[in-house]
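Heads up, the thing below is written out as structure tokens.
Hydrogens, waters and symmetry mates play no part in the numbers below; they use all other heavy atoms, side chains included.
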Amino acid sequence: MRNRLKGLMVLGVAASVACSSTATEAPEANAGARLGVFVPEAGVTLARQDFSGMTARERLVVRDAQAWTAVWARIRGAIQPPPGVIQPDFGEEMAIVAAMGEKPTGGHSVLIDSVTRHERGVIVYLTETSPGPSCGTFQAITYPVHAVRARRVEGSVWWRERALTQNC
């Protein structure tokens, strides 16, 4: 798996930035030429769940272990006993987190579809799915989140998001 990740994304300049959450959208032209595409597989998913502790809509890129420990605690929420931290190798990797925030029912999900490396940074593509009006959903407040490990890249991070309504 690690060799596959190395082949899909090129290692960026090694400088440590803790955590950024700016959800900016920019035309791909601003990012420069595309250098590689990373499509997350099951082996790189750090968490994908409906009942996280991330109550607000957030987009995060975490590049160091100390910041990750705090984010991990928020992702895992009130799970008891609390699971140990799944630690990416921050010398070579970064964690990318997308949280939908509070949703009034089940049936909502967020998925990081791909990460495209460009000359000036990366573009993270993600999909938020919500249930349509005819869908039967369970009645519980949910906090969907998806977190993945990706090859460490320095530079700007742009988010490209799409919203889907699932018709049942």
Side-chain angles (χ1 to χ4, degrees), residues 17-28 30-31 37-88 90 93-118 121-153 155-168:
V17 175
C19 188
S20 63
S21 62
T22 52
T24 59
E25 289 197 29
E28 289 187 22
N30 291 350
V37 177
F38 167 69
V39 178
E41 299 174 2
V44 299
T45 293
L46 298 166
R48 184 157 189 231
Q49 60 196 51
D50 293 332
F51 297 100
S52 76
M54 300 186 77
T55 59
R57 184 178 187 278
E58 296 183 67
R59 305 297 183 251
L60 303 172
V61 175
V62 184
R63 293 185 172 107
D64 75 58
Q66 183 176 7
W68 175 245
T69 300
V71 171
W72 179 255
R74 292 177 52 224
I75 289 171
R76 302 316 289 178
I79 294 175
Q80 291 297 326
V85 177
I86 298 175
Q87 194 76 291
F90 286 105
E93 298 174 322
M94 60 186 183
I96 300 172
V97 181
M100 285 183 83
E102 184 176 302
K103 297 300 173 188
T105 66
H108 297 269
S109 67
V110 60
L111 176 68
I112 296 170
D113 300 307
S114 65
V115 180
T116 305
R117 183 173 179 273
H118 292 261
V122 297
I123 299 174
V124 178
Y125 293 87
L126 66 93
T127 302
E128 289 186 341
T129 303
S130 298
S134 63
C135 294
T137 60
F138 61 89
Q139 300 302 302
I141 295 174
T142 60
Y143 306 96
V145 65
H146 189 204
V148 300
R149 289 187 330 249
R151 171 62 65 208
R152 184 182 182 92
V153 175
S156 298
V157 177
W158 297 280
W159 300 85
R160 286 285 177 91
E161 305 177 7
R162 67 182 179 146
L164 296 178
T165 301
Q166 182 178 12
N167 295 314
C168 300

For Q166, what residues pass the side chain to side chain donor-acceptor pair (under 3.5 Å) criterion, not counting sequence neighbours?
none
Partners of T165 by side chain to side chain contact (heavy atoms under 4.5 Å, CB included), sequence neighbours excluded?
N167
Non-neighbouring partners of L111 that pass side chain to side chain contact (heavy atoms under 4.5 Å, CB included), sequence neighbours left out
R48, D113, H146
Closest heavy-atom pair, P88 versus A95, reported as atoms and distance to 0.1 Å, is CG-CB, 4.5 Å
Could you please spell out the steps behind the salt bridge (charged side-chain N to carboxylate O under 4.0 Å, His left out) verdict for R149 and E93?
CA-CA 6 Å; R149 289 187 330 249; E93 298 174 322; 3.2 Å; yes
After noting the C-alpha distance and the side-chain angles of L60 and V71, does the key distance pass the side-chain contact (heavy atoms from CB on, under 4.5 Å) rule?
CA-CA 9 Å; L60 303 172; V71 171; 4.1 Å; yes
Close side-chain approach of W158 to V124, heavy-atom, < 4.5 Å
no
R117 side chain vs V153 backbone, donor-acceptor pair below 3.5 Å
no
I want to check something: taking the side chain as every heavy atom from C-beta on, are V115 and I123 in contact at a cut-off of under 4.5 Å?
no
Check whether W72 reaches the backbone of G84 with its side chain - one donor and one acceptor, N or O, closer than 3.5 Å.
yes
In short, salt bridge (Lys or Arg N to Asp or Glu O under 4.0 Å) pairs touching residues 121-146 with sequence neighbours left out are R57-E128, R59-E128
Donor-acceptor pair, side chain of W68 and main chain of I86, under 3.5 angstrom
yes
Would you confirm whether S52, through its side chain, and M54, through its main-chain N or O, come within 3.5 Å as a donor-acceptor pair?
yes
Donor-acceptor pair, Q49 side chain versus I75 backbone, under 3.5 Å?
yes
Just jot down the side chain to side chain donor-acceptor pair (under 3.5 Å) partners of S130, sequence neighbours excluded, or say none.
H108
How long is the gap from CZ on F51 to OH on Y143, to the nearest 0.5 Å?
9.5 Å
Start with the C-alpha distance between V61 and W159, add both sets of side-chain angles, then the distance that settles side-chain contact (heavy atoms from CB on, under 4.5 Å), and finish with yes or no.
CA-CA 11 Å; V61 175; W159 300 85; 4.0 Å; yes
So V62 and M94, do their side chains get closer than 4.5 Å, heavy atoms only?
no
Shortest non-hydrogen pair, S109 vs P144, comes out as CA-CB, 4.1 Å
For T129 and M100, which heavy atoms make the closest approach, and how far apart are they?
O-CE, 4.1 Å
Output all residues satisfying salt bridge (Lys or Arg N to Asp or Glu O under 4.0 Å) with R76, sequence neighbours left out; order by chain, then residue number.
none
Any non-hydrogen side-chain atom of I96 less than 4.5 Å from a side-chain atom of I112?
yes
Quick one: closest heavy-atom pair of A56 and A99, and the distance?
O-CB, 3.9 Å
Closer than 3.5 angstrom, by distance alone: can the side chain of T105 be matched with the main-chain N or O of A140 as a donor-acceptor pair?
no
So which heavy atom on G106 is nearest to which on T142, and how close?
CA-CG2, 4.0 Å
Show the nearest heavy-atom pair for residues Q87 and A65, with the distance to one decimal.
NE2-CB, 3.6 Å
Where do V110 and L126 land on the side-chain contact (heavy atoms from CB on, under 4.5 Å) test, with the steps shown first?
CA-CA 7 Å; V110 60; L126 66 93; 4.0 Å; yes
